[in-house]
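Throughout, numbering of the chain's residues begins at 1 and tracks the sequence. Only this structure's heavy atoms are used, side chains among them; waters, hydrogens and symmetry mates stay out.
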Amino acid sequence: MTINTHLTELAGLPVVTFDPQEWVPEEATGTVAWRLDLQGPGLAEDRFVALTEAFLDTVTPVQVRVLLIGDWGDSAVRPAPVDLLVGLAPRLRGLRALFVGEMTYEQCEISWIVQADPAPLLTAYPDLEVLRIRGATERLTPVRHSALRELAIETGGLPGSVARAVAECDLPALTHLELWLGTDEYGGDTSVADLAPILSGDRLPALRHLGLRDAEHADQVAAAVAQAPLVGQLESLDLSLGTLSDAGADALLAGQPLTRLRRLDLHHHYLSPEARGRLTAALPDVEINLADRQRESRPGARYVAVSE
């Protein structure tokens, strides 16, 4: 699987790509999720700055609630424009949701997108409720943020240091946490031990959705999740896009009861029909996504959905 389509909605608002040539009625500013994208390779940094300024000159900045940052120009070489966004915080006081790196593979493969430490964004936008990051995220400075409800880091390989930093953050309002673990080929060395502080639930009192997606070691992750204290407070669990096999499914069923869940997402998996039957029989009231079954081309040859 590759990321080949753009989001059409974020934080409940339809996504509109900003076009400097189109007039924007003042009352429309806060009714859509705005996407800024240079839409072309090898473009200079000053062009993205110019696009951003044109956007702010066209809309009413304080009314912008949702913003998506697409290709900022040479996105495989130049880090995400975190400093630019931090500098705009006084003008974007109404911002509540931000997605940095919302690109398809045709623009830049996920593991080629050069991200920057996103922590300054959380410091600069104390009222931000949703932060999504896509790309090679190699560092995160632990931070406290009292308003953030949703944090997602989409990668083809998540470093263990970033997983540990997430666990060290103080996010008392966080209800949705989503980490794409990926493969070691693209820097994904997050271990079960790195995830243990998250799975303890000690610093995530409000968490109701946990996504540990795209994991090359999905069976080990599933086994750790099954024994985690955090499970008892979750309403939905997402272990999709990875290499989950019968061993992982059986570990889930042998651990803490999952009957409290409303949703269990396991799509893109390597489960046998028998294992799928055991899951559905044990969890009749849980909405389980078992779509996109994969088959090993040879014994032990399993692949995550998103890597490069």
Side-chain angles (χ1 to χ4, degrees), residues 1-8 104-106 109-111 132 134 152-158 163 176-186 188-192 195 199 208-228 230-231 234-308:
M1 184 189 97
T2 55
I3 299 173
N4 54 19
T5 58
H6 290 295
L7 289 185
T8 58
T104 66
Y105 78 96
E106 293 178 325
E109 296 281 6
I110 187 171
S111 293
R132 299 190 69 94
R134 178 180 294 163
I153 303 178
E154 304 178 7
T155 72
L158 186 74
H176 179 116
L177 176 61
E178 182 181 331
L179 303 177
W180 294 27
L181 304 182
T183 74
D184 57 4
E185 184 178 0
Y186 293 99
D189 60 1
T190 295
S191 67
V192 167
L195 297 171
L199 295 177
R208 296 296 179 266
H209 172 89
L210 176 64
L212 298 174
R213 311 183 73 193
D214 202 47
E216 194 170 41
H217 54 318
D219 287 343
Q220 297 176 40
V221 171
V225 168
Q227 303 299 325
L230 181 68
V231 169
L234 297 179
E235 296 177 356
S236 60
L237 175 64
D238 186 346
L239 302 178
S240 66
L241 306 182
T243 62
L244 190 74
S245 73
D246 288 16
D250 290 341
L252 286 174
L253 293 177
Q256 294 197 56
L258 301 178
T259 51
R260 185 182 186 278
L261 294 177
R262 296 180 181 176
R263 293 176 299 279
L264 176 61
D265 191 346
L266 304 177
H267 81 273
H268 187 281
H269 58 80
Y270 290 81
L271 300 177
S272 68
E274 294 76 17
R276 299 200 303 274
R278 289 194 293 274
L279 282 166
T280 54
L283 303 170
D285 298 322
V286 179
E287 178 187 331
I288 308 177
N289 186 347
L290 290 167
D292 196 18
R293 181 194 178 198
Q294 305 294 304
R295 290 176 172 80
E296 298 179 17
S297 57
R298 63 183 186 280
R302 302 179 197 156
Y303 304 95
V304 300
V306 180
S307 54
E308 183 180 18

Which residues share a salt bridge (Lys or Arg N to Asp or Glu O under 4.0 Å) with E287, sequence neighbours left out: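 In terms of salt bridge (Lys or Arg N to Asp or Glu O under 4.0 Å), with neighbours along the sequence ignored, E287 is linked to no residue.
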Supply the atom-to-atom distance [X] [atom1] to [Y] [atom2], rounded to the nearest 0.5 angstrom.
X    : Y    : atom1 : atom2 : value
R262 : I288 : CZ    : CD1   : 15.5 Å
T155 : R134 : OG1   : CZ    : 11.5 Å
S307 : L241 : OG    : CG    : 11.5 Å
D184 : T190 : CG    : OG1   : 11.0 Å

Tell me the closest heavy-atom pair linking [X] and [Y], and the distance in Å.
X    : Y    : answer
S236 : H209 : OG-ND1, 2.5 Å
L199 : L212 : CD2-CD1, 4.3 Å
L181 : L195 : CD1-CD1, 4.2 Å
Y270 : G242 : CE1-O, 4.0 Å
L239 : L266 : CB-CD2, 3.8 Å
V231 : P257 : CG1-O, 4.2 Å

Residues forming a side-chain contact (heavy atoms from CB on, under 4.5 Å) with A218, sequence neighbours excluded: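 With sequence neighbours excluded, A218 shows a side-chain contact (heavy atoms from CB on, under 4.5 Å) to A215, T243, L244, given in chain and number order.
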Residue pairs fulfilling salt bridge (Lys or Arg N to Asp or Glu O under 4.0 Å) with at least one residue in residues 216-225, sequence neighbours excluded: D219-R302
Verdict with reasoning, R208 to H176, per side chain to side chain contact (heavy atoms under 4.5 Å, CB included): CA-CA 6 Å; R208 296 296 179 266; H176 179 116; over 6 Å; no
With a 4.5 Å cut-off on side-chain heavy atoms, are [Y] and [X] touching?
X    : Y    : result
L283 : L261 : no
D265 : L237 : no
R293 : L271 : no
W180 : L158 : no

side-chain hydrogen bond (donor to acceptor under 3.5 Å, both in side chains) pairs, two or more places apart, involving residues 273-282: D250-R278, S272-E274
Residues that R213 engages under side chain to side chain donor-acceptor pair (under 3.5 Å), provided they are two or more places apart: E178, D238, S240
Under 3.5 Å donor-acceptor, [X] side chain and [Y] backbone:
X    : Y    : value
N4   : Y105 : no
H268 : Q294 : no
Q256 : A228 : yes

Step-by-step side chain to side chain contact (heavy atoms under 4.5 Å, CB included) determination, E154 to V306: CA-CA 9 Å; E154 304 178 7; V306 180; over 6 Å; no
Residues forming a ring-ring contact (aromatic ring centres under 6.0 Å, His included) with H217, sequence neighbours excluded: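 So H217 forms no ring-ring contact (aromatic ring centres under 6.0 Å, His included) with any residue.
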